[in-house]
Asks: 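Below are the structure tokens for one structure; questions will follow.
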2 protein chains.
Amino acid sequence: MAKASEKHRVTSADVARACGVSRATVSYVLNNDPRQTIPPETRERILQAAQKLGYSPFAPARLLRSGQSQLVLAVLPFEQVDPALARSLKELEQRLARHDLTLLSYVGMHPSIGTTHPSAHITPSVLLSYADQDDPLVAAFLQQFHAPILHLLGDARLEEQIGAMQAEYLIQCGKRSLIFLDSERKDVQRLSSHRFRGVQQACLRWECTEPVLRTLPSSREEARTILRDTLASCDHSWGICCYNDEVAIAALAALADENITIPHMAAVVGCDNIPLAQWSLPALTTIAFHNESALDPLIEAIVALSRGETVTWKTQKTLTLIKRASA
Amino acid sequence: MAKASEKHRVTSADVARACGVSRATVSYVLNNDPRQTIPPETRERILQAAQKLGYSPFAPARLLRSGQSQLVLAVLPFEQVDPALARSLKELEQRLARHDLTLLSYVGMHPSIGTTHPSAHITPSVLLSYADQDDPLVAAFLQQFHAPILHLLGDARLEEQIGAMQAEYLIQCGKRSLIFLDSERKDVQRLSSHRFRGVQQACLRWECTEPVLRTLPSSREEARTILRDTLASCDHSWGICCYNDEVAIAALAALADENITIPHMAAVVGCDNIPLAQWSLPALTTIAFHNESALDPLIEAIVALSRGETVTWKTQKTLTLIKRASA
DNA sequence: CTGAAAGCGCTTACAG
DNA sequence: CTGAAAGCGCTTACAG
């Protein structure tokens with residue numbers, strides 16, 4: 001089934017021949033050109049033949065002709081595409097399809113030498129970047145596509161706001177000693193450092209002590225040890241800002257292992273509001289992004305850019321703190 | 001930065017003109033054609049000019065010429081791309097890049113009428129399907145790409161094995177009343193039903209009672225109720241086979257809310273071994289796939305198919321039960 | 001209403 | 001060693 005027999009590609013000329021018309025006519029019919037009046041009888045015959053021969057236009061030829069690729073490429077540098085992102089990609093894909101645009105994703109990004117840049121094989125008309133917009137390597141990589149770029153991730157300022165929001169909530173809960181719990185994931189260091197800076201700033205503003213920076217180890221045993229030792233360093237009750245919900249849920253488990261009562265002895269705030277956040281013990285207090293409101297303008301911006309128009313668009317993310325039991 | 005000024009595409013002719021050579025020479029140099037001997041001086045000059053003009057070959061033209069797209073498309077029908085999948089995609093992407101192949105992903109799949117099929121805009125030379133290979137809608141969708149297809153997900157039999165493995169482990173633990181806990185996610189129904197069938201078969205084989213099928217609601221309150229009522233229906237100790245780890249972790253939380261001791265009163269087995277599985281309370285017993293061993297042959301198969309060669313390849317997934325505290 | 005022709009940008013035999 | 005030319009498959013003015 002679906003043999004690799006690229007022996008002979010079915011071409012619009014084949015369809016034309018089969019119907020005894022010219023390739024132009026085939027093209028007119030298949031593209032529904034409104035400026036042409038094709039007799040319904042002919043039209044039907046062509047449609048039939050195309051169907052029977054299994055003809056579909058060869059994309060590169062069409063692109064070469066039109067210069068317009070109708071392709072939107074989402075560049076996802078994360079090792080771990082989070083579920084929320086996948087969902088929003090699917091949504092995006094469906095919305096864009098109605099505008100005759102195809103959304104594709106590229107996972108990974110190697111400005112590594114030696115391997116070909118993807119632009120050699122694909123020519124997107126718009127780029128959606130989920131990468132750090134301040135990273136020069138990222139910028140260079142994206143640049144090579146020669147396509148307009150929309151940055152969907154927040155900028156450094158938004159990331160700082162996230163950290164600050166976590167910290168301020170915890171401070172309001174009466175926690176005056178804060179920990180920032182980092183992920184081990186390398187690909188996320190920059191994001192993480194922005195959020196930590198937000199926590200620092202909040203501590204400064206509210207005259208708390210400098211927050212402690214820790215990285216959550218991947219082993220549960222080590223995580224217990226690190227958290228125990230850190231908490232023992234002072235007998236305040238602690239507030240823990242986690243890089244994201246995964247880290248937070250892991251922290252919750254390690255704290256439970258140590259019989260540390262939550263949120264009394266330590267309160268935990270995550271970020272992302274992943275589906276599992278409501279299922280932790282205790283349920284996780286976290287920060288959710290809301291950019292659904294901005295989906296329509298985003299679609300519009302993408303469509304306009306794909307047509308070569310110039311457009312200004314900025315991420316409009318609003319942060320909401322989702323209060324549950326962990327803080 | 002990266003303006004949408006598609007005003008005038010930089011073409012190989014531009015580079016040739018800038019250097020006072022022919023387009024052929026430019027092409028030879030840029031593609032490192034081994035059959036040509038270009039004076040290093042000229043070569044250098046061309047490379048310089050290409051660099052300065054920001055020239056990169058226009059993919060569609062090149063594809064039209066070669067007929068070979070060098071594009072591998074992963075079709076992901078899941079609403080929720082799981083982290084393990086994302087990681088393996090990244091790995092795949094890097095490996096394929098060394099063979100000058102670009103891996104792109106397409107999230108979603110609408111055999112919906114009215115919208116254009118992605119094949120209108122992209123011509124992959126190989127398809128990697130993560131969709132249900134028995135679903136005729138899926139088959140029709142994939143077919144339209146006219147490219148060879150590799151099915152990476154297991155077939156129905158493997159899915160049944162997963163269910164059976166969960167069930168048999170629980171039965172060995174002494175649980176003779178089993179529940180299969182399903183996800184609410186629509187896009188996963190078929191997979192889920194295969195796994196349930198595996199559980200049923202195991203129960204038959206081991207002469208247990210027919211397993212109970214339940215769907216985990218998205219609200220924690222409702223989940224508690226459903227689980228409580230189901231468990232109360234008989235005073236055996238129960239074994240719960242969960243569609244995947246997310247469902248399992250949620251179930252663990254709901255059971256804890258009801259003060260049901262795990263694994264004594266109810267034992268829980270998940271599937272996937274997601275990173276969070278080791279961080280649940282108690283840590284989750286689950287089933288892991290191992291197909292890393294099969295990565296090399298997979299790469300080879302993809303490369304061969306992209307060259308139009310015919311190849312037989314089959315998913316080689318081995319299942320391992322990861323024993324933790326929940327069962 | 002239909003067909004012959006040009007041209008998108010590229011690579012690659014083929015002559016010089 | 002370099003250049004002129006053909007052709008990949010498509011769409012779209014332009015003639016008839």
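Numbered from 1 within each chain, the chains take letters A, B, ... in sequence-line order.
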Asks: Please enumerate all residues that pass ring-ring contact (aromatic ring centres under 6.0 Å, His included) together with His99(B), with sequence neighbours excluded.
Replies: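 With neighbours one apart ignored, the set is empty.
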Asks: Taking only side-chain nitrogens and oxygens of Thr11(B), does any of them come within less than 4.0 Å of OP1 or OP2 of dC10(C)?
Replies: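 Yes, Thr11(B) has a side-chain N/O under 4.0 Å of OP1/OP2 on dC10(C).
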Asks: Considering only heavy atoms, which members of residues 47-56 of chain B lie under 4.0 Å from some atom of DNA chain D?
Replies: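 Within this stretch, nothing sits under 4.0 Å of the strand.
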Asks: Would you mind classifying the nucleic acid contact of Asn31(A) as base, sugar-phosphate or nothing, using non-hydrogen atoms under 4.0 angstrom?
Replies: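 Here Asn31(A) touches the backbone only, sparing every base.
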Asks: How close or far is atom C1' of dC10(D) from atom CG of Asp14(A), stated in whole angstroms?
Replies: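 About 13 Å, once rounded to whole Å.
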Asks: Rounded to whole angstroms, how far apart are NE2 on His146(A) and P on dG9(C)?
Replies: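 Whole-Å distance recorded here is 14 Å.
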Asks: Give a yes or no answer on whether the side chain of Ser69(B) reaches the backbone of Thr123(B) with a donor-acceptor pair at less than 3.5 Å.
Replies: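 It does hold such a pair.
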Asks: Can you tell me how far C1' of dC1(C) sits from CD of Glu41(A), to the nearest Å?
Replies: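 About 13 Å, once rounded to whole Å.
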Asks: Can you list the residues that meet the side-chain contact (heavy atoms from CB on, under 4.5 Å) rule with Gln68(A), with sequence neighbours excluded?
Replies: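 Once residues adjacent in sequence are excluded, the partners of Gln68(A) under the side-chain contact (heavy atoms from CB on, under 4.5 Å) criterion are Ser66(A), Gln70(A).
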Asks: Identify all stems in which DNA chain C takes part, counting only runs of at least 3 consecutive pairs (Watson-Crick or G-U wobble, each distance under 3.5 Å), and give each as one range with another, ordered by first number.
Replies: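 C:1-3 with D:14-16, C:5-12 with D:5-12, C:14-16 with D:1-3 - these are the stems of 3 or more pairs that involve DNA chain C.
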Asks: List in numerical order all residues of residues 119-127 of chain A for which some heavy atom is under 4.0 Å away from an atom belonging to DNA chain C.
Replies: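 Heavy-atom cutoff 4.0 Å gives no residues at all.
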Asks: Going by salt bridge (charged side-chain N to carboxylate O under 4.0 Å, His left out), name the residues that satisfy it together with Asp33(A), two or more places apart in sequence or in a different chain.
Replies: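 Arg35(A).
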Asks: For the side chain of Ser125(A) and the backbone of Leu71(A), is there at least one donor-acceptor N/O pair under 3.5 Å apart?
Replies: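 Present.
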Asks: Does dG9(C) have OP1 or OP2 sitting under 4.0 Å from an N or O in the side chain of Ser12(B)?
Replies: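 Result: no.
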Asks: Output all residues satisfying side-chain hydrogen bond (donor to acceptor under 3.5 Å, both in side chains) with Thr25(A), sequence neighbours left out; order by chain, then residue number.
Replies: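 For Thr25(A), the residues satisfying side-chain hydrogen bond (donor to acceptor under 3.5 Å, both in side chains) (neighbours in sequence not counted) are Ser22(A).
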Asks: Using whole Å, what does the distance between atom P of nucleotide dG9(D) and atom CZ of Arg17(A) come to?
Replies: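 One finds 11 Å between P of dG9(D) and CZ of Arg17(A), rounded.
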Asks: Mind listing the side-chain donor-acceptor pairs of residues 44-56 of chain A below 3.5 Å, one per line with the distance, residues two or more places apart or on another chain?
Replies:
unit_1	atom_1	unit_2	atom_2	d
Glu44(A)	OE2	Gln48(A)	NE2	3.3
Arg45(A)	NH1	Cys19(A)	O	2.6

Asks: For Arg17(A), enumerate each residue passing the salt bridge (charged side-chain N to carboxylate O under 4.0 Å, His left out) test, keeping only those at least two apart in sequence or located in another chain.
Replies: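 Salt bridge (charged side-chain N to carboxylate O under 4.0 Å, His left out) check on Arg17(A) returns Asp14(A).
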Asks: Mind calculating the distance between CG (Asp33(B)) and C1' (dT12(C)) to the nearest angstrom?
Replies: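 Rounded to whole Å, this separation is 8 Å.
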Asks: Can you sort out the partners of Arg95(B) under salt bridge (charged side-chain N to carboxylate O under 4.0 Å, His left out), two or more places apart, ordered by chain and number?
Replies: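 Partners of Arg95(B) under the salt bridge (charged side-chain N to carboxylate O under 4.0 Å, His left out) test: Asp296(B).
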Asks: Would you confirm whether Gln189(B), through its side chain, and Arg185(B), through its main-chain N or O, come within 3.5 Å as a donor-acceptor pair?
Replies: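 Yes: the side chain of Gln189(B) pairs with the backbone of Arg185(B).
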Asks: Under the salt bridge (charged side-chain N to carboxylate O under 4.0 Å, His left out) rule, what pairs show up with a residue in residues 120-146 of chain A, not counting sequence neighbours?
Replies: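 Every pair satisfying salt bridge (charged side-chain N to carboxylate O under 4.0 Å, His left out) with a residue in residues 120-146 of chain A: Asp132(A)-Arg190(A).
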Asks: Between N or O atoms, less than 3.5 Å apart, protein on one side and nucleotides 2-4 of chain C on the other: list the pairs.
Replies:
unit_1	atom_1	unit_2	atom_2	d
dG3(C)	OP2	Ser22(A)	N	2.8

Asks: In whole angstrom, give the distance that lies between atom CZ of Arg62(A) and atom C1' of dG9(C).
Replies: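 Distance, rounded to whole Å: 18 Å.
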Asks: Gln70(B) CD to dC10(C) P: how many Å, rounded?
Replies: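 Rounded to the whole Å, the gap is 17 Å.
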Asks: Kindly indicate whether the side chain of Leu92(B), heavy atoms from C-beta on, has any atom under 4.5 Å from the side chain of Leu295(B).
Replies: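 They are in side-chain contact.
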Asks: Find the distance Leu30(A):CG to dT12(D):P and express it as a whole number of Å.
Replies: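 For the pair Leu30(A) CG and dT12(D) P, the rounded distance is 13 Å.
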Asks: Just so I know, are the side chains of Leu305(A) and Val72(A) near enough to count as touching, which here means a heavy-atom distance under 4.5 Å?
Replies: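 No, every pair of side-chain atoms sits at 4.5 Å or beyond.
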Asks: Just say parallel, tilted or perpendicular for the rings of Phe141(A) and His117(A), cut-offs at 30° and 60°.
Replies: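 Rings of Phe141(A) and His117(A): tilted, 30 to 60°.
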